[in-house]
Amino acid sequence: MTKRSIVSSSTLHILAMLCMLCDHLWATIIPGNQWLTSVGRIAYPIFAFMVVEGYFHTSNLRKYATRLLVFAIISEIPFNLMYSNSLFYPLHQNVIWTLLIGLAMIHLNESVRNKKIWVRGLVAIASIVIGGLLGIVLFTDYNSVGVWTILVFYFFRGKKWWSLVGQLLCLYYLNVEILKGLYFEVEFLGMSFEVVQQGLALVALIPIWVYDGSKGIRDKWFKYLCYWFYPVHMLVLWGIYRAM
């Protein structure tokens with residue numbers, strides 16, 4: 001009897017794309033609906049996690065990185081149009097550039113995997129510093145925090161309890177303490193709590209933790225749907241926004 005997948009790679013991709021769509025709907029044609037951008041907070045940690053998984057499961061790292069690079073370039077104009085209504089906007093680059101920096105930092109760490117522990121430690125620190133600086137200097141989406149989120153899933157990869165605790169604590173710090181953002185007041189059992197909207201990114205850990213490592217949909221069309229969805233949906237949303 002074949003074991004049924006709980007949460008596969010394709011499930012995570014679909015969930016992340018839907019959450020991203022909610023966020024971008026809020027940013028364009030349905031502004032003011034805070035629940036949309038709140039749901040959108042879930043998207044990026046899943047994409048960051050999938051880059052780490054992609055690194056370890058790809059059969060050809062060069063092709064994988066090249067594919068990301070091509071779609072980073074393709075997505076730049078749709079991203080600029082959606083966020084600034086112009087073809088050129090150098091102060092904010094699309095999120096695939098962030099994923100590429102994270103992928104490069106993973107590869108840097110993996111290149112010294114068999115070296116002495118002090119070498120691995122120095123390279124790990126260097127990747128955090130260099131990756132963070134690149135995210136800031138290149139104005140990539142989520143900047144340094146985006147790169148560090150990828151490294152969190154890399155350094156704490158696995159299902160051991162300390163890996164899960166590390167992911168939870170680091171993502172809490174990155175999203176709640178660094179990014180912060182809008183606060184909501186929530187009442188529960190007669191008590192009031194303040195919830196940071198960006199902190200909802202931690203909800204992404206639920207599907208990530210029940211991910212079973214399976215691929216799910218294996219057809220090539222789905223793989224390219226995941227890539228093309230990013231630039232195409234931004235272009236469509238911008239077109240609708242302009243027509244409104």
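Computed from a predicted structure; not experimentally measured.
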> Ile30 and Ile240: same hydrophobic cluster, using ILVMFWY side-chain contacts below 4.5 Å?
Replying inline: yes
> Are the side chain of Ser127 and the backbone N or O of Ala124 linked by a donor-acceptor pair below 3.5 Å?
Replying inline: yes
>> Looking at Arg62, is its backbone amide N or carbonyl O close enough to the side chain of Asn60 to form a donor-acceptor pair, meaning the two atoms are under 3.5 Å apart?
In response: yes
>> Counting only heavy atoms not in Leu91 (residues, nucleotides, ligands), do more than 12 fall under 6.0 Å from its CG?
In response: yes
> So, for Pro207 and Ile46, which heavy atoms are closest and what is the spacing to 0.1 Å?
Replying inline: CG-CD1, 4.3 Å
> Any chain of hydrophobic side-chain contacts (each under 4.5 Å) joining Phe56 to Val147?
Replying inline: yes
>> On a heavy-atom basis, which atom in Tyr44 and which in Gly146 lie closest, and how many Å separate them?
In response: OH-O, 2.7 Å
> What is the ring orientation for His24 with His233, classed by angle as parallel under 30°, tilted 30 to 60°, or perpendicular over 60°?
Replying inline: parallel
> Would Ile96 and Thr140 satisfy side-chain contact (heavy atoms from CB on, under 4.5 Å), going step by step from the backbone distance to the final call?
Replying inline: CA-CA 8 Å; Ile96 303 181; Thr140 63; over 6 Å; no
>> Could you walk me through whether Tyr230 and Met17 satisfy the side-chain contact (heavy atoms from CB on, under 4.5 Å) test, starting with their C-alpha distance in whole Å, then the side-chain angles of each, then the deciding distance to 0.1 Å, before giving a yes or no?
In response: CA-CA 8 Å; Tyr230 185 57; Met17 289 189 292; over 6 Å; no
> Where do Ile74 and Phe79 land on the side-chain contact (heavy atoms from CB on, under 4.5 Å) test, with the steps shown first?
Replying inline: CA-CA 9 Å; Ile74 290 173; Phe79 183 85; over 6 Å; no
> How many angstroms lie between CD1 in Ile6 and CG in Asp212, if you round to the nearest 0.5 Å?
Replying inline: 6.0 Å
>> To the closest 0.5 Å, what do you measure between CG (Leu151) and CD1 (Ile106)?
In response: 6.5 Å
> With side chains defined as the heavy atoms from C-beta onward, is the minimum distance between Lys223 and Arg67 less than 4.5 Å?
Replying inline: yes
> Taking C-beta and beyond as the side chain, do Leu68 and Leu103 meet within less than 4.5 Å on heavy atoms?
Replying inline: yes
> Side chains of Ser8 and Ser214: donor-acceptor distance under 3.5 Å anywhere?
Replying inline: no
> With side chains defined as the heavy atoms from C-beta onward, is the minimum distance between Val232 and Tyr227 less than 4.5 Å?
Replying inline: no
> Can you tell me how far CE of Met105 sits from CD1 of Ile150, rounded to the nearest 0.5 angstrom?
Replying inline: 10.0 Å
>> So, taking the atom named CD1 in Ile14 and the one named SG in Cys19, what distance separates them when rounded to the nearest 0.5 Å?
In response: 12.0 Å
>> Would you say NE2 of His107 has more than 12 non-hydrogen atoms from neighbouring residues, nucleotides or ligands within 6.0 angstrom?
In response: no
Pairs of donor and acceptor atoms involving the side chains of residues 162-172, under 3.5 Å and at least two apart or interchain, shall be tabulated with distances.
from: Gln167; atom 1: OE1; to: Trp209; atom 2: NE1; distance (Å): 2.9
from: Gln167; atom 1: NE2; to: Phe156; atom 2: O; distance (Å): 2.8

>> So Phe47 and Val95, do their side chains get closer than 4.5 Å, heavy atoms only?
In response: no
>> Any non-hydrogen side-chain atom of Lys180 less than 4.5 Å from a side-chain atom of Gln198?
In response: no
> So which heavy atom on Ile178 is nearest to which on Leu174, and how close?
Replying inline: CB-O, 3.3 Å
>> Show, in sequence, the C-alpha distance, side-chain angles and deciding distance for Thr98 and Asp141, and conclude whether the side-chain hydrogen bond (donor to acceptor under 3.5 Å, both in side chains) test is met.
In response: CA-CA 6 Å; Thr98 314; Asp141 206 18; over 6 Å; no
> In Å and rounded to the nearest 0.5 Å, what is the CD1 to OG distance from Ile101 to Ser144?
Replying inline: 10.0 Å
> Do Phe49 and Tyr211 come within less than 4.5 Å of each other through their side chains, counting heavy atoms only?
Replying inline: yes
>> If I compare all heavy atoms of Leu235 with all of Pro78, which pair ends up nearest, and what's the gap?
In response: N-CB, 4.2 Å
>> Taking the side chain as everything from C-beta on, heavy atoms only, tell me whether Leu36 gets closer than 4.5 Å to Asp23.
In response: no
> Under 3.5 Å, is there a donor-acceptor pair linking the side chains of Asn80 and Ser86?
Replying inline: no
> In Å, rounded to the nearest 0.5 Å, how long is the span from OH of Tyr64 to OG of Ser59?
Replying inline: 12.0 Å
>> Applying a strict under-4.5 Å side-chain criterion to I, L, V, M, F, W and Y, I'd like to know whether Leu237 and Leu87 cluster together.
In response: no
> So do Phe229 and His13 actually touch side chain to side chain, heavy atoms under 4.5 Å?
Replying inline: no
>> Test of understanding: with side chain to side chain donor-acceptor pair (under 3.5 Å), list the residues that count as partners of Tyr142, not counting sequence neighbours.
In response: Arg41
>> Under a 3.5 Å threshold, yes or no: a donor from one side chain and an acceptor from the other, between Ser75 and Asn94?
In response: no
> Does the side-chain contact (heavy atoms from CB on, under 4.5 Å) test come out yes or no for Met234 and Leu81, once each step is laid out?
Replying inline: CA-CA 8 Å; Met234 290 190 294; Leu81 289 171; over 6 Å; no
>> Can you confirm whether more than 12 heavy atoms, excluding those of Tyr183, are under 6.0 Å from its OH atom?
In response: yes
> Within the side chain of Arg120, is there an N or O that forms a donor-acceptor pair under 3.5 Å with the backbone of Lys115?
Replying inline: yes
>> For His92 together with Phe139, are the ring centres under 6.0 Å from each other?
In response: no
> After noting the C-alpha distance and the side-chain angles of Phe71 and Trp228, does the key distance pass the ring-ring contact (aromatic ring centres under 6.0 Å, His included) rule?
Replying inline: CA-CA 8 Å; Phe71 278 92; Trp228 280 108; 4.9 Å; yes
> Taking all non-hydrogen atoms of both residues, which atom of Tyr241 and which atom of Thr28 are closest, and how far apart?
Replying inline: CD1-O, 3.5 Å
> Would you say the side chains of Glu110 and Tyr154 form a donor-acceptor pair under 3.5 Å?
Replying inline: yes
> For the hydrophobic clusters of this structure (ILVMFWY residues joined by side-chain heavy atoms under 4.5 Å, transitively), does one cluster hold both Ile206 and Met20?
Replying inline: yes
> Does a sphere of radius 6.0 Å around NZ in Lys220 hold more than 12 heavy atoms from other residues, nucleotides or ligands, not counting ones at 6.0 Å or beyond?
Replying inline: no
>> Using every non-hydrogen atom in the two residues, find where Ser38 and Gln197 come nearest and quote the distance to one decimal.
In response: OG-NE2, 3.1 Å
> Honestly curious: do Val137 and Trp148 fall in one hydrophobic cluster under the side-chain, below-4.5 Å linking rule?
Replying inline: no
